[in-house]
Amino acid sequence: MPPRDSQDAPTPRAGGIAARAQAGAAPARYLAGLNPEQRRAVEALDGPVLVLAGAGTGKTRVLTTRIAHIIATGRARTQEILSVTFTNKAAREMKHRIAMLIGDVAEGMQWLGTFHSISTKLLRRHAELVGLRSDFTILDTDDQIRLMKQVIRAENIDEKRWPARQLAFLIDGWKNRALTPEKVSAGEAASFAGGKGQKLYAAYQERLKTLNACDFGDLLMETIRLFQDNPDILKSYQDRFRYILVDEYQDTNVAQYLWLRLLAQGRRNVCCVGDDDQSIYGWRGAEVDNILRFEHDFPGATVIKLERNYRSTGHILASASHLIANNEGRLGKTLFTDGESGEKVTVTGSWDSEEEARLVAEEIEQLQRKNHSLNEIAILVRASFQMREFEERFVTVGIPYRVIGGPRFYERAEIRDALAYFRCVCQPADDLAFERIVNVPKRGLGDATINVVHEYARGQQIPMIQAVRFIVETEELKPKPRQTLRELVDSIARWASMLDTTPHHELCETILEESGYTAMWKADRSADAAGRLENLKELIRSMQDFENLRAFLEHISLVMEAASGEAEDRVTIMTLHGAKGLEFETVFLPGWEEGLFPHPRALDEQGRAGLEEERRLAYVGITRAKRRAKLYFASNRRIHGMWNATIPSRFVDELPEANVEVTEGAGSGFGGYGRQGGGASRFDQMQPFGASSYNTPGWQRAQKAGTRPGSTGGGFGEAFRGGSAGPQRQPLLIEGELLAKSTGVVSSFTVGARIFHVKFGYGEVSAIDGNKLTVDFDKAGRKMVLESFVQVA
DNA sequence: GGGGGTAAGTTTTTT
DNA sequence: ACTTACCCCC
């Protein structure tokens, strides 16, 4: 069992590399371990470069070595290199690895960070040019929604019918595409509140400016605006950044792409690294097309493919490759490995999800007996609700585990409350923070009082805290709330005056004490009150790592994760999305069933593209495994509390027989896949004629497993279903395919037409998109339906 | 202002 | 089936 040549292992620290290479000594040692393609990607410094790096091909190594190379050859200094990642985690990891290569010089990499953190830095420098002050606040999703509620209310729109969440979702989508309110197409803007979408968006943006605030989308959009409106400033940054590097390029959205293109069009020394097969964030605006567009926007770009995989064994790699080959929209890479074939990928069926968890736990215990490190084992699920069953099982049998994801530290109510207090002190214009804490703990300041303050602040165009200072000098409020408010703003002013003289963590502790916030939780007898106080202590503790309160607030507004540094040996439970970029010796992939994976919502909303994205997710899952990939599916799973009979995922069928071993859950008595009526409700609207539950697409697919064009060889479906003598064989029907074909079709319906739908009854067409109709049903409310299931009433 | 009852929404997640 | 958010009433 030879040790795997893991390309992701950092190269040993080599002290004076930079100095030596600069002096023109022998080829630097850091280049030695690279394969020819990797080396080419590192050394192609001039002009645009696109590196298509498959899973496990040493992508991060190329990026970090390239930076080391730029510095070592004296092409640029650390502060002249812009390197962009998506997550803070990735940025941290990259900085760390660069430090391993070139030492402390990496500290000078001040332009290494996420799109958002770099944008923030740029905006703080030039805030006045986009109508902000340099101490602008960054709002998180929660603040965004609260603000949108206010905006919707101000327009006298029914919040019930037009929820702020939905508006937030729309505006987010627009910002992902760098659409300012004026640029939103009329058709899209019409899809909210009967055409008020655009107006609300504009109003929201205006409110943000008054609040001196940005949401996450604005960070990118305002930076783009800054560059577009100020060519001289753009020019100065184009000149400064001699080299630009981008990680995970397949995850960029339109706004990020424009951002990047503006900066890169200067020196054109831009290097993007990505893998179209690992694009799994389309649902939040990522555009794989950006990869395809690269060569168009940067003519003459060098394209380098990294296809040698250093991570997985032959069987695992073959399985993943075969699966992903079912996707149409690919640039097409063929991964290969010189390593051994290793163990086959296993597929195991179980009766239900509980048995699935038991089987996985048993496997883990066996591996444990063979001294397999638990840190090298991961359970990757499609949806987080699957995690609970594994946790329960692991608790009963005593397998240590850690869950990645879940509710995040900075999203907890007590943390957000505390932060709101700190924000009030640091950023006096932060109305959202003020509103959050004005009556927490309870001070007897109800809606009536707040409204008075609100009105006054609006009228005078001043922040609420300032408005309070005026109001308490008037007779407008009753004595009691007046006095309470006065005390509150006096306290805030007092705390603010201590900012420069008191260590910030002490000040914050004082704020929480004096405001009565800690006392509130101490008085609370509910079970989690103690935990909340603990969290607050943790918050105070963690802020000591920062220079001042301002820096701390900046950090957490951009980094919504708390550092967790436990090193014990534990199994990791996480979502497939969370696993991107990671690797484990053994990977368990439970829940490969229709109705869960591919996830129906992805098919509903994105059609064929959604299915392909789900398949890429499956690909990401399998390619996380170095030596063992173990798939599972259950015949019964409880979803939203209801038991559903389920059939294996189509992705199981798409695995190559030669590399996969089918096992059965021991003594499970499983084997029946007949649908006993019921279930499958999501297909109902697709099957208006189908009284029989055997008409569901999933069932049909099960019947014709292995006969799919384009899928080589027989699928495994049969192995589990014991052959099939289904009713009629109808063509594979994906809801998504119907939806996908719908775009561009001219509808025969008109807005305002009365229609009848087989499932939802009578309604009125309110919008048309291809052959998708948005209909306000008399009984069922607003729904998006396919034209083909609708007739004129 | 707090508590209880009802209604709605339950994929993935960063920043 | 379950949680969470909101509304209304006390």
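Order of the sequence lines fixes the chain letters, A, B, ..., with proteins taken first and strands second; residue numbering starts at 1 for each chain.
Counting any heavy atom pair closer than 4.0 Å across all strands shown, A:Ser557 reaches no nucleic acid atom. Counting any heavy atom pair closer than 4.0 Å across all strands shown, A:Asn88 reaches sugar-phosphate atoms only and no base atom. Using a 4.0 Å heavy-atom distance criterion, A:Gly444 is classed as a sugar-phosphate-only contact. Among the heavy atoms of the strands lying under 4.0 Å from A:Leu445 are primed sugar atoms or P, OP1, OP2 only; no base atom is included. Among the protein residues, A:Asp215 comes within range of no part of the nucleic acid, since none of its heavy atoms lies under 4.0 Å from any strand.
Contact check, A:Lys149 against C:dA5: no side-chain N or O comes under 4.0 Å of OP1 or OP2.
Using a 4.0 Å cut-off between a side-chain N of Lys or Arg and a carboxylate O of Asp or Glu, A:Lys209 and A:Glu222 qualify as a salt bridge.
With sequence neighbours excluded, the residues forming a ring pair (Phe, Tyr, Trp, His ring centres under 6.0 Å) with A:Trp283 are A:Tyr281, A:His577, listed by chain and number. Residues passing the side chain to side chain contact (heavy atoms under 4.5 Å, CB included) test with A:Thr572 are A:Ala378, A:Arg402, A:Ile404, A:Met574, A:Phe584, sequence neighbours excluded. With sequence neighbours excluded, no residue forms a ring pair (Phe, Tyr, Trp, His ring centres under 6.0 Å) with A:His454. Applying the salt bridge (Lys or Arg N to Asp or Glu O under 4.0 Å) criterion to A:Asp277, with sequence neighbours excluded, gives A:Arg330, A:Lys333. Residues passing the ring pair (Phe, Tyr, Trp, His ring centres under 6.0 Å) test with A:Phe552 are A:Phe546, sequence neighbours excluded. Residues passing the side chain to side chain donor-acceptor pair (under 3.5 Å) test with A:Gln144, sequence neighbours excluded: none. Residues satisfying the ring pair (Phe, Tyr, Trp, His ring centres under 6.0 Å) criterion with A:Tyr632, sequence neighbours excluded, are absent altogether. Listed by chain and residue number, nothing satisfies the side chain to side chain donor-acceptor pair (under 3.5 Å) test with A:Gln110 (two or more places apart in sequence, or in another chain).
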All N/O contacts under 3.5 Å from nucleotides 7-10 of chain C to the protein, with atom names and distances to one decimal?
| from | atom 1 | to | atom 2 | distance (Å) |
| --- | --- | --- | --- | --- |
| C:dC7 | OP1 | A:Lys160 | NZ | 3.1 |

Atom pairs under 3.5 Å: protein N/O with N/O of nucleotides 2-4 of chain C:
none

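Using atom P as the reference point in both C:dT4 and B:dT11, the two lie 14 Å apart (nearest Å).
Between A:Tyr237 and A:Trp111, the ring-plane angle classifies as perpendicular under the 30° and 60° cut-offs.
Nucleotides of DNA chain B with any atom under 4.0 Å from a heavy atom of chain A span, from 5' to 3', B:dG1 to B:dT15.
Residues in residues 112-125 of chain A take part in these salt bridge (Lys or Arg N to Asp or Glu O under 4.0 Å) pairs, two or more places apart or across chains: A:Arg124-A:Glu554.
Toward the 5′ end of DNA chain B lies the nearest nucleotide of A:Arg443, the other residue of the pair A:His116 and A:Arg443 mapping further downstream. Nucleotides of DNA chain B nearest to A:Lys442 and A:Arg284 differ in position, and the one nearer the 5' end is that of A:Lys442.
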